[in-house]
Amino acid sequence: MNEKDIAIDIDTQELFKKAKDEEVETTWDRQKLMKKPCGFGEKGVCCKICAMGPCRISPVAGRGAQKGICGATADVIVARNFARMVAGGAAAHSDHGRDIAHTLYMASKDGNYKVRDEEKLLRIAKEWDVETEDRDIYDIAHEVAEISLNEFGKPFGKLKFLDRAPEERNKTWEENDIKPRAIDREIATIMHSTHMGCTADAESLINMSMRTSLSDGWGGSMIGTELSDILFGTPIPRETEANLGVLEEGKVNIVLHGHEPTLSEMIVLASEDPELKKLAEEVGADGINLAGMCCTANEVTMRHGIKIAGNFHQQELAVLTGAVEAVIVDVQCIMPSLASLSDCYHTKFITTSPKARITGADHMEFDEEKAYESAKTIVREAIENFKNRENEKIFIPKGKSHATVGYSLESIGDQLTRVSNSYIESNSKFKPLGDCILSGVLRGAVGVVGCNNSKVKHDYGHVELMKELIANDVIVVTTGCAAQAAAKAGLMSKDAKELAGLGLKTVCELVDIPPVIHMGSCVDISRILTLVKEVSEYTGVDMDKLPVTGSAPEWMSEKAIAIGTYVVSSGINTWLGVTPPVTGGPEVVDILTNKMEDMVGAKFFIEEDPIKAAKQMIDKIEEKRNELGI
Ligand code: MSK
């Protein structure tokens with residue numbers, strides 16, 4: 001495998017080559033060893049739900065097993081597997097949201113965690129009928145946290161944030177019986193219904209998947225985003241840099257990797273502690289350099305401007321630089337290979353969450369009750385490791401790009417109102433955006449999100465897709481590892497407007513934004529949902545009528561399947577660049593790529609070629625524009 005075959009950026013290529021020279025294994029080597037994927041697994045027709053099997057359905061009609069031992073058809077097996085992926089993804093994101101709610105519940109005036117955005121807290125309190133008059137802000141915070149926690153397991157009613165969605169959307173959900181009740185309940189219901197001997201009907205299983213995914217998008221993830229903003233501040237535009245070139249040879253380099261800001265926010269604070277700065281000097285370093293990886297990178301860059309070391313497929317490469325004292329992780333998207341890889345260098349691989357312990361890692365459990373002290377202990381461990389560097393192994397690539405990040409819904413609204421006060425009479429800060437879409441200055445908008453996947457050349461899917469869209473006056477909003485791909489490729493720099501079509505370029509100049517807008521981490525796709533809902537309300541049409549689409553060109557995790565399903569269920573057509581394991585079930589394929597449109601006004605599209613996908617999205621956007629008569 002040649003380094004040019006695996007990635008589009010030079011930093012990644014150079015470190016891949018270093019791995020080869022040093023005979024160190026990376027994800028690309030393991031993928032090669034895996035050879036061709038299992039055909040049954042790839043098509044989703046392998047069933048391990050009971051112990052009579054594993055059963056697998058022959059792809060050739062009339063030859064081999066056409067049903068599982070219990071009689072489950074290929075479609076039932078595929079749909080059950082799909083539903084369990086949605087449940088897994090929703091559980092991960094929503095449990096993140098739950099942890100943030102617990103953190104808000106423990107916030108206090110004198111504690112480690114404080115309320116940083118009182119305005120947002122009061123707004124949500126009002127939305128949820130929480131009394132705010134003459135009350136201490138922390139009493140209000142605790143009540144909002146408690147209500148959030150009840151959203152996970154309340155016995156009656158529907159999720160509160162569903163009321164944010166347009167009325168028409170709520171009606172569609174009601175008609176299809178996919179309005180989620182409580183978050184944990186929906187996940188448990190899928191696990192129950194996919195147990196041996198329960199639901200054996202593909203359409204019901206996809207229906208349940210839609211309801212569960214919505215409990216993530218308009219539930220757990222939305223709680224995660226909103227409560228994180230209350231605790232750590234609502235993001236505003238900031239300048240940053242991205243790619244492995246942000247590591248600094250003379251400094252103690254600490255890579256923060258994972259998802260939940262509860263840990264990373266404390267590490268940021270601890271790294272500024274005078275005692276630890278002095279310790280860094282004493283060990284001979286020029287200071288402490290924090291850099292983010294995956295979604296933690298998004299969280300800390302949009303609130304502090306901390307630089308982005310890379311996305312999912314670069315986590316091993318950070319260690320390979322030989323210049324990282326510690327990779328500190330919490331939950332999700334952490335390659336277990338970091339444990340053995342770190343043994344080849346001086347890097348300490350530090351796990352902190354009881355939910356993600358990894359054999360071979362140094363486990364230093366993060367104690368939220370003593371968060372600051374706990375974070376200091378972890379940072380101290382990294383600093384003391386500086387002396388163990390092996391200088392002959394150090395190589396930091398030079399590549400890094402400038403990016404403007406941190407566009408929360410609120411900051412997009414503020415940015416838009418800077419150029420036009422016409423919003424006052426309409427009472428919508430999103431009127432300028434809606435007007436640009438209605439007039440055709442912007443043809444539409446696409447959310448590009450998701451991971452890296454070794455089936456796709458690293459970042460190629462994200463970057464090519466985004467370039468093609470912006471060149472055609474389609475504004476791109478992005479989160480997760482897709483956002484980091486954009487940042488590294490320079491598409492989040494304001495200079496990238498030169499790559500945009502004339503309409504988008506003019507908007508970028510007037511509003512002072514890049515053509516690709518950073519909206520945060522994976523849970524922050526809830527920000528994208530709310531943005532689409534705002535434009536929907538301003539234009540007076542439901543979300544499925546708008547010229548907007550979603551896309552995950554390099555997705556790999558169950559979370560991405562949950563996200564794709566709630567985005568489609570919210571009325572937004574979604575393109576997947578990696579084929580999900582459903583092709584063994586023709587009825588399931590038909591529901592996902594066809595019938596869902598009749599139910600919720602949107603469906604999935606599968607297209608592995610990002611340029612073709614962009615063209616299909618642009619055609620769909622134009623079709624929506626024609627239907628709206630704009
Ligand atoms: S981190 S879920 S690899 S986007 Fe959110 Fe990146 Fe995908 Fe993890």
Side-chain angles (χ1 to χ4, degrees), residues 93 96-97 100 103-104 115-125 127 144 148 161 164 217-218 220-240 259-262 264-265 268 292 295-306 308 403-419 423 428-434 445 447-449 475-480 482-484 486-487 492 494 507-508 511-538 548 563:
H93 263 161
H96 168 158
I100 301 292
T103 308
L104 183 63
V115 170
R116 303 242 177 247
D117 189 340
E118 288 192 13
E119 199 188 317
K120 186 165 224 175
L121 171 63
L122 293 175
R123 218 183 317 138
I124 293 175
E127 194 177 334
V144 165
S148 304
F161 277 144
R164 287 183 169 188
W218 296 86
S221 279
M222 205 166 270
I223 288 171
T225 296
E226 297 290 52
L227 271 49
S228 290
D229 285 355
I230 291 171
L231 277 165
F232 308 119
T234 300
I236 53 168
R238 292 174 195 280
E239 305 307 312
T240 192
H259 277 77
E260 295 177 9
T262 304
S264 51
E265 283 286 326
V268 172
C295 273
T296 290
N298 290 316
E299 297 283 356
V300 291
T301 200
M302 67 181 171
R303 295 202 177 87
H304 303 281
I306 302 280
I308 299 166
T404 308
V405 295
Y407 290 95
S408 56
L409 185 77
E410 291 79 353
S411 65
I412 291 175
D414 291 346
Q415 200 86 8
L416 289 166
T417 54
R418 276 205 225 162
V419 287
Y423 72 94
S428 170
K429 284 186 169 184
F430 300 90
K431 177 180 189 297
L433 177 60
V448 182
V449 304
I475 193 165
V476 171
V477 292
T478 179
T479 63
Q484 292 147 5
M492 283 182 185
K494 289 178 187 163
V507 170
C508 290
V511 187
D512 192 28
I513 50 170
V516 176
I517 308 287
H518 178 264
M519 291 192 78
S521 65
C522 299
V523 295
D524 294 333
I525 293 169
S526 63
R527 296 188 203 274
I528 301 181
L529 289 180
T530 320
L531 179 62
V532 178
K533 165 246 146 154
E534 289 289 348
V535 176
S536 151
E537 277 178 356
Y538 169 66
V548 301
I563 293 166

### Query
Hey, are the side chains of Ile528 and Val449 touching, using non-hydrogen atoms and a 4.5 Å cut-off?
yes

### Query
Are His93 and Ile525 close enough that some pair of their side-chain heavy atoms sits under 4.5 Å apart?
no

### Query
Have Thr234 and Asp117 got a donor and an acceptor in their side chains that come within less than 3.5 Å?
yes

### Task
Considering non-hydrogen atoms only, spot the tightest contact between Thr262 and Phe232 and give its length.
CA-CZ, 4.0 Å

### Task
Would you indicate whether the side-chain heavy atoms of Lys429 and Glu410 approach each other to under 4.5 Å?
no

### Task
Over all heavy atoms of both residues, which pair between Ile475 and Pro515 is shortest? Give the atoms and the distance, please.
CG1-O, 3.6 Å

### Message
Taking the side chain as everything from C-beta on, heavy atoms only, tell me whether Met519 gets closer than 4.5 Å to Thr479.
### Response
yes

### Message
Using 0.5 Å steps for rounding, measure from the CE atom of Met302 to the CG atom of Asp524.
### Response
4.0 Å

### Query
Short question: side chain of Arg238, backbone of Arg303 - any donor-acceptor pair under 3.5 Å?
yes

### Message
If we count only N and O atoms by modelled type, under 3.5 Å, do the side chains of Thr240 and Thr301 hold a donor and an acceptor together?
### Response
yes

### Nearest non-hydrogen partners of Tyr538 and Phe430, listed with the distance
CD2-O, 4.5 Å

#### Entry: Nearest non-hydrogen partners of Ser411 and Gly406, listed with the distance
OG-O, 3.4 Å

### Task
Nearest 0.5 Å please: distance from the CG atom of Asn298 over to the CD atom of Gln484.
4.5 Å

### Query
Below 4.5 Å, heavy atoms only, C-beta onward: do Ser408 and Arg527 meet side chain to side chain?
yes

## Note on the structure
Heavy-atom closest pair (Pro237 atom, Thr404 atom, distance to 0.1 Å) is CB-CG2, 4.3 Å

### Task
Find the distance between CD (Glu534) and CZ (Arg164) and round it off to the nearest 0.5 Å.
9.0 Å

## Note on the structure
Distance col, row Glu226:CD vs Ser148:OG, nearest 0.5 angstrom, shows 10.0 Å

### Summary
dist Asp414:CG -> Tyr407:OH (nearest 0.5 Å) comes out at 12.0 Å

### Query
Would Leu531 and Leu433 satisfy side-chain contact (heavy atoms from CB on, under 4.5 Å), going step by step from the backbone distance to the final call?
CA-CA 10 Å; Leu531 179 62; Leu433 177 60; 4.0 Å; yes

### Task
Would you name the heavy atoms of Ser221 and Ser526 that are closest together and state the gap between them?
O-OG, 3.8 Å

### Message
Between Ile223 and Ile100, is there a side-chain heavy-atom distance shorter than 4.5 Å?
### Response
no

### Query
Taking atom CG of Leu121 and atom CD of Glu119, what is their separation to the nearest 0.5 Å?
11.0 Å

### Query
Have His259 and Glu299 got a donor and an acceptor in their side chains that come within less than 3.5 Å?
no

### Task
Could you check Arg123 against Asp229 for salt bridge (Lys or Arg N to Asp or Glu O under 4.0 Å), going step by step and ending with a plain yes or no?
CA-CA 12 Å; Arg123 218 183 317 138; Asp229 285 355; over 6 Å; no

